[in-house]
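Scroll down for the structure; my scribbles are underneath it.
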Protein chains: 2
Amino acid sequence: MLNYQPAPLDLAFQALADPTRRLMVERLSQGPASVSELAQPLDMTLSAVVQHLAVLEASGLVRSQKVGRVRTCRIEPQVLHSAERWISERRASWERRLDRLGAFLVETDPTTRPRSK
Amino acid sequence: MLNYQPAPLDLAFQALADPTRRLMVERLSQGPASVSELAQPLDMTLSAVVQHLAVLEASGLVRSQKVGRVRTCRIEPQVLHSAERWISERRASWERRLDRLGAFLVETDPTTRPRSK
DNA sequence: TTGATAGTTAAGCATATACTTAACTATTGT
DNA sequence: ACAATAGTTAAGTATATGCTTAACTATCAA
């Protein structure tokens, strides 16, 4: 898609699609951390970690502030929440449909409804 | 990451990161559809739609079967469910932490706990 | 003031993604 | 048998992504 302004969910799911970034989010879900703390378990340069962090911040999943020379990062749960809601709504919609279908089948199938009405 | 086998969540979130594919999932959450039906509201070639469908199938979000010349696609809710769970677990973890923190603050702040014990 | 720490930024590179066109293959209705 | 329908597949292209190295900028500590 040309000239497309990415929607919030584009950025959120894109950010979560990378295993390194999911690890960073997992770490941050335990509590705030500095950039170096985020980088510590990761097998890549600090530079790469900073770039991943930029993606997370652009998506709104993470917020950070610098005090002195250390930048402290923390999770921003709202975007996490809307991603979760998008998924659960589709899933709910699909499952409601299956329920209606199931009810219809039970109601019309003579083997599950031999008598009644 | 070189030589990295993409994890199921990588594929799921990657698939959901594209607005066209989310539209397809939304359509499918209302019930099964053929490839042409999926393509109908989309401003791109059938070819492109087939390729998006391949991404959705590779992620396990969608399953399809061909009968005669029409391929019918439907949602596979399991992967949707695990993506949802991943998110809600991180969010829960973050929120539990905030709760503990809040409780701690209330318990130690003399203005909210002027007497007692 | 000098050095170590913590992070930033730009450039370059390999690979992946989101398309298009075009040529092709089955299936079905007439 | 013939054309229309439904989808598939390959090739090409532009842009995006996930890194690296390297050069740089603040802050803190001795």
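All figures in this text were calculated on a predicted structure; none of them were measured in a lab. Residue numbers begin at 1 in each chain, while the letters A, B, ... track the order of the sequences.
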Give, ordered by number, those residues of residues 58-73 of chain A having at least one heavy-atom distance below 4.0 Å to an atom of DNA chain C; if nothing qualifies, reply none.
-> A:Lys66, A:Arg69, A:Val70, A:Arg71
For residues 24-35 of chain B, which residues have at least one heavy atom under 4.0 Å from DNA chain C?
-> none
Output all residues satisfying side-chain hydrogen bond (donor to acceptor under 3.5 Å, both in side chains) with [X], sequence neighbours left out; order by chain, then residue number.
X	result
B:Gln40	none
A:Arg63	A:Glu76
A:Glu89	none
A:Gln30	B:Ser93

With distance as the sole criterion, is a donor-acceptor pair present between the side chains of B:Gln78 and B:Ser82 under 3.5 Å?
->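 B:Gln78 vs B:Ser82: no donor-acceptor pair found between side chains.
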Step by step, would you call A:Glu26 with B:Trp86 a side chain to side chain donor-acceptor pair (under 3.5 Å)?
-> CA-CA 10 Å; A:Glu26 279 179 27; B:Trp86 188 91; 3.0 Å; yes
Do any pairs count as a salt bridge (charged side-chain N to carboxylate O under 4.0 Å, His left out) and have a residue in residues 5-17 of chain B, sequence neighbours left out, and if so which ones?
->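 As it turns out, the salt bridge (charged side-chain N to carboxylate O under 4.0 Å, His left out) pairs with a partner in residues 5-17 of chain B, which skip direct neighbours, are A:Arg22-B:Asp10.
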Set of salt bridge (Lys or Arg N to Asp or Glu O under 4.0 Å) partners for [X], sequence neighbours left out:
X	result
B:Glu95	B:Arg91
A:Glu57	none
A:Arg69	none

Report the distance from atom [atom1] of [X] to atom [atom2] of [N], rounded to the nearest whole Å.
X	N	atom1	atom2	answer
B:Leu16	C:dT17	CG	C1'	16 Å
B:Leu42	C:dT20	CG	C1'	16 Å
B:Met44	C:dT17	CE	P	16 Å
A:Asp43	D:dG18	CG	C1'	14 Å
B:Gln14	C:dT17	CD	C1'	8 Å
B:Asp18	C:dA16	CG	C1'	14 Å
B:Leu46	C:dA22	CG	P	16 Å

Is there a donor and acceptor pair closer than 3.5 Å between the side chain of A:Ser47 and the base of C:dT8?
->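 Per atom types, no contact qualifies.
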Partner residues of B:Ala54 under the side chain to side chain contact (heavy atoms under 4.5 Å, CB included) criterion, sequence neighbours left out | none
Neighbours of DNA chain D within residues 49-57 of chain A, by heavy-atom distance under 4.0 Å |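 Under 4.0 Å from DNA chain D: A:Gln51, A:His52.
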